[in-house]
Undergrad: 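Sending over a structure as structure tokens; questions will come in a sec.
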Amino acid sequence: MKMSLSASTLVNRLLRPRHSLLHVQHRGLTTRRQPKAVRSFVHEHSHPKRLPRHAQHHPAHKTSLDHNAFSFSGAGWASAFHLGVVYALQEYGYFTQHGLSKHEHSDRISKEEMVHSDNTDVYKHVSEREFSHKHQSKFTPAYPYLAGASGGALTAVWIACGLPVKHMMESARHMGDYCNDNNGIYGNLAPVLREMLMRELPDDAHIRCSGVVGIHVLRIWPNPSSESLVIDQFGTKEELISAALASCHIPGYLHRGRPYHEHKGEKLVDGGLLKIVPSLPKNLNGVHVCVLPSEYAIGCEVDICPNKVPRETWAGRSVFRYAYNMLMPPEDLKAYGDELFERGYEAGQQWVVHGAPTHRNGNTQ
């Protein structure tokens, strides 16, 4: 026998305040988005959100929830866009098992499956990099394979090490402020970036990243490479940091007077110089994140980017300024970073909720 609600109970339920979230209408669907002022104080370890009911049954998510690899483009000082994307995806359960302890990582990827860091085949062409079925099955949306070039490589390392997004935003801003106060950014960034990574990364960062993070570089000597190479095995924390610095090395920009970064006897430069969005192994179900609008990422696959956000408009002049600021950011780094973080958050949420189409070589699919 059903019991009817009392009049007072019914009134209280009707008058109960709704959750303090904005409701945004897009393409006939409703999604919830935290206001910027609220998000800035959200606890870093809050429980992952469930997808809105309409999104759980949206056709795009019959496959998007199976993605087990993410690639982050070269970004420079626009890496805040990547961090905004990561923050949005974390709220829906992506990347949530990264940052595991050293013991838990040894369970995920056993020593027998790792290539020893001294192996001469540690540099692999992307086209040759595939995982065995046994290894491939270890990657999930909560624990995906991560690839990146330049600022995207740093983003991948930060995710794998479980560093809080907002903390890394602050660290990058302080690093930029320090350079601006001491002879500027151009040519002076390498030692400051190295010191920041040594300070922020955990002592077992190389174990957390081995077999999980693919850092893309270009080799200029010996045997110059015509496509990016992948470093995904790291013997020590210093070796991991050296690979990350090599991936960020734009000749003359990162370190004045040095045209390359030397890593384990090889001369390497920025892995995003030929292709800004690194490719992923073909036997992984990958997502490609780019800080530039998709039409400017020539020859690249792009799934998440600024122009996926409906309000964004891109004129030629604004894109030029945006690209320039990737290397030479405005003086107000906090405002610049906050704006990019907001764009990244919205772009990431659009991909999760609406399953925006993938752009390949300028064509929408």
Undergrad: Taking all non-hydrogen atoms of both residues, which atom of C179 and which atom of V192 are closest, and how far apart?
TA: SG-CG2, 4.0 Å
Undergrad: Out of curiosity, L154 CG to M196 CE, how far, rounded to the nearest 0.5 Å?
TA: 6.5 Å
Undergrad: Quick check: F341 with F81 (ring centres under 6.0 Å apart)?
TA: no
Undergrad: How many angstroms lie between CE in M169 and OG in S79, if you round to the nearest 0.5 Å?
TA: 10.5 Å
Undergrad: If you compare all heavy atoms of G348 against all heavy atoms of I304, which two are closest, and at what distance to 0.1 Å?
TA: N-CG2, 4.1 Å
Undergrad: Could you give me the CA-CA distance, side-chain angles and deciding distance for D232 and Y145, then say whether side chain to side chain contact (heavy atoms under 4.5 Å, CB included) is met?
TA: CA-CA 10 Å; D232 59 5; Y145 176 76; 4.2 Å; yes
Undergrad: Could you point out which residue of F70, F139, Y143 forms a ring pair (Phe, Tyr, Trp, His ring centres under 6.0 Å) with F95?
TA: F70
Undergrad: Do side-chain atoms of S73 reach the backbone of I276 as a donor and acceptor pair under 3.5 angstrom?
TA: no
Undergrad: Are the side chains of S71 and S279 in touch, meaning some heavy atoms are under 4.5 Å apart?
TA: no
Undergrad: Could you note down all residue pairs passing side chain to side chain donor-acceptor pair (under 3.5 Å) where residues 323-335 supplies at least one of them, sequence neighbours left out?
TA: K334-D338
Undergrad: Counting C-beta onward and ignoring hydrogens, is there a side-chain heavy-atom pair between Q233 and S210 closer than 4.5 Å?
TA: yes
Undergrad: Is the backbone N or O of H288 less than 3.5 Å from a side-chain atom of D303, with the two atoms forming a donor-acceptor pair by type?
TA: yes
Undergrad: Could you state the interatomic distance from CE (M175) to CG (N180), rounded to the nearest 0.5 Å?
TA: 11.0 Å
Undergrad: Decide side chain to side chain contact (heavy atoms under 4.5 Å, CB included) for Q349 and Y345; before the verdict, give the C-alpha distance in whole Å, the side-chain angles of both, and the deciding distance to 0.1 Å.
TA: CA-CA 6 Å; Q349 192 177 61; Y345 183 91; 4.0 Å; yes
Undergrad: What are the two closest heavy atoms between P293 and P306, and how far apart are they?
TA: N-CD, 4.1 Å
Undergrad: Kindly compute the distance separating CG (L245) from NE2 (H255), expressed to the nearest 0.5 Å.
TA: 10.0 Å
Undergrad: Quick one: does R256's side chain have a donor or acceptor within less than 3.5 Å of a partner on N188's backbone?
TA: no
Undergrad: Could you tell me whether a side-chain N or O of R173 sits under 3.5 Å from a main-chain N or O of G176, the two making a donor and an acceptor?
TA: no
Undergrad: Using every non-hydrogen atom in the two residues, find where L163 and P202 come nearest and quote the distance to one decimal.
TA: CD2-CD, 4.5 Å
Undergrad: Which pair of non-hydrogen atoms, one from K275 and one from C300, has the smallest distance, and what is that distance?
TA: CG-SG, 3.5 Å
Undergrad: Could you tell me whether a side-chain N or O of K237 sits under 3.5 Å from a main-chain N or O of M198, the two making a donor and an acceptor?
TA: yes
Undergrad: Do the side chain of S225 and the main chain of E227 share a donor and acceptor less than 3.5 angstrom apart?
TA: yes
Undergrad: Test H249 against L268 for side chain to side chain contact (heavy atoms under 4.5 Å, CB included), laying out the working first.
TA: CA-CA 8 Å; H249 194 95; L268 309 174; over 6 Å; no
Undergrad: Return yes if some donor-acceptor pair links the side-chain N/O of H98 with the main-chain N/O of P144 below 3.5 Å, else return no.
TA: yes
Undergrad: Out of L340, L327, I185, which residue meets the side-chain contact (heavy atoms from CB on, under 4.5 Å) rule with W77?
TA: I185
Undergrad: More than 12 non-hydrogen atoms from neighbouring residues, nucleotides or ligands closer than 6.0 Å to CG on D203, yes or no?
TA: no
Undergrad: Is there side-chain contact between W158 and V86, with heavy atoms separated by less than 4.5 Å?
TA: no
Undergrad: So which heavy atom on V230 is nearest to which on G214, and how close?
TA: CG1-CA, 3.6 Å
Undergrad: First locate atom CG of L201, then atom NE2 of H206, and finally report the distance between them rounded to the nearest 0.5 Å.
TA: 11.5 Å
Undergrad: So, do W351 and Y94 have ring centers that fall under 6.0 Å from each other?
TA: yes
Undergrad: Could you please spell out the steps behind the side chain to side chain contact (heavy atoms under 4.5 Å, CB included) verdict for E301 and V277?
TA: CA-CA 7 Å; E301 297 186 21; V277 186; over 6 Å; no
Undergrad: Judged by modelled atom types alone, do S228 and H216 share a side-chain donor-acceptor pair under 3.5 Å?
TA: yes
Undergrad: Tell me whether Y178 is reachable from Y336 by hopping between hydrophobic residues (I, L, V, M, F, W, Y) whose side-chain heavy atoms are closer than 4.5 Å.
TA: yes
Undergrad: Among V213, I215, L197, I207, which one satisfies side-chain contact (heavy atoms from CB on, under 4.5 Å) with L240?
TA: I215
Undergrad: For residues S242 and H261, is any side-chain donor paired with an opposing acceptor at under 3.5 Å?
TA: yes
Undergrad: So does E339 pair up with R343, basic N to acidic O under 4.0 Å?
TA: yes
Undergrad: Hey, what do you get for CG (L146) to OG1 (T155), rounding to the nearest 0.5 Å?
TA: 10.0 Å
Undergrad: Around atom CZ of R258, are there more than 12 heavy atoms from other residues, nucleotides or ligands closer than 6.0 Å?
TA: no
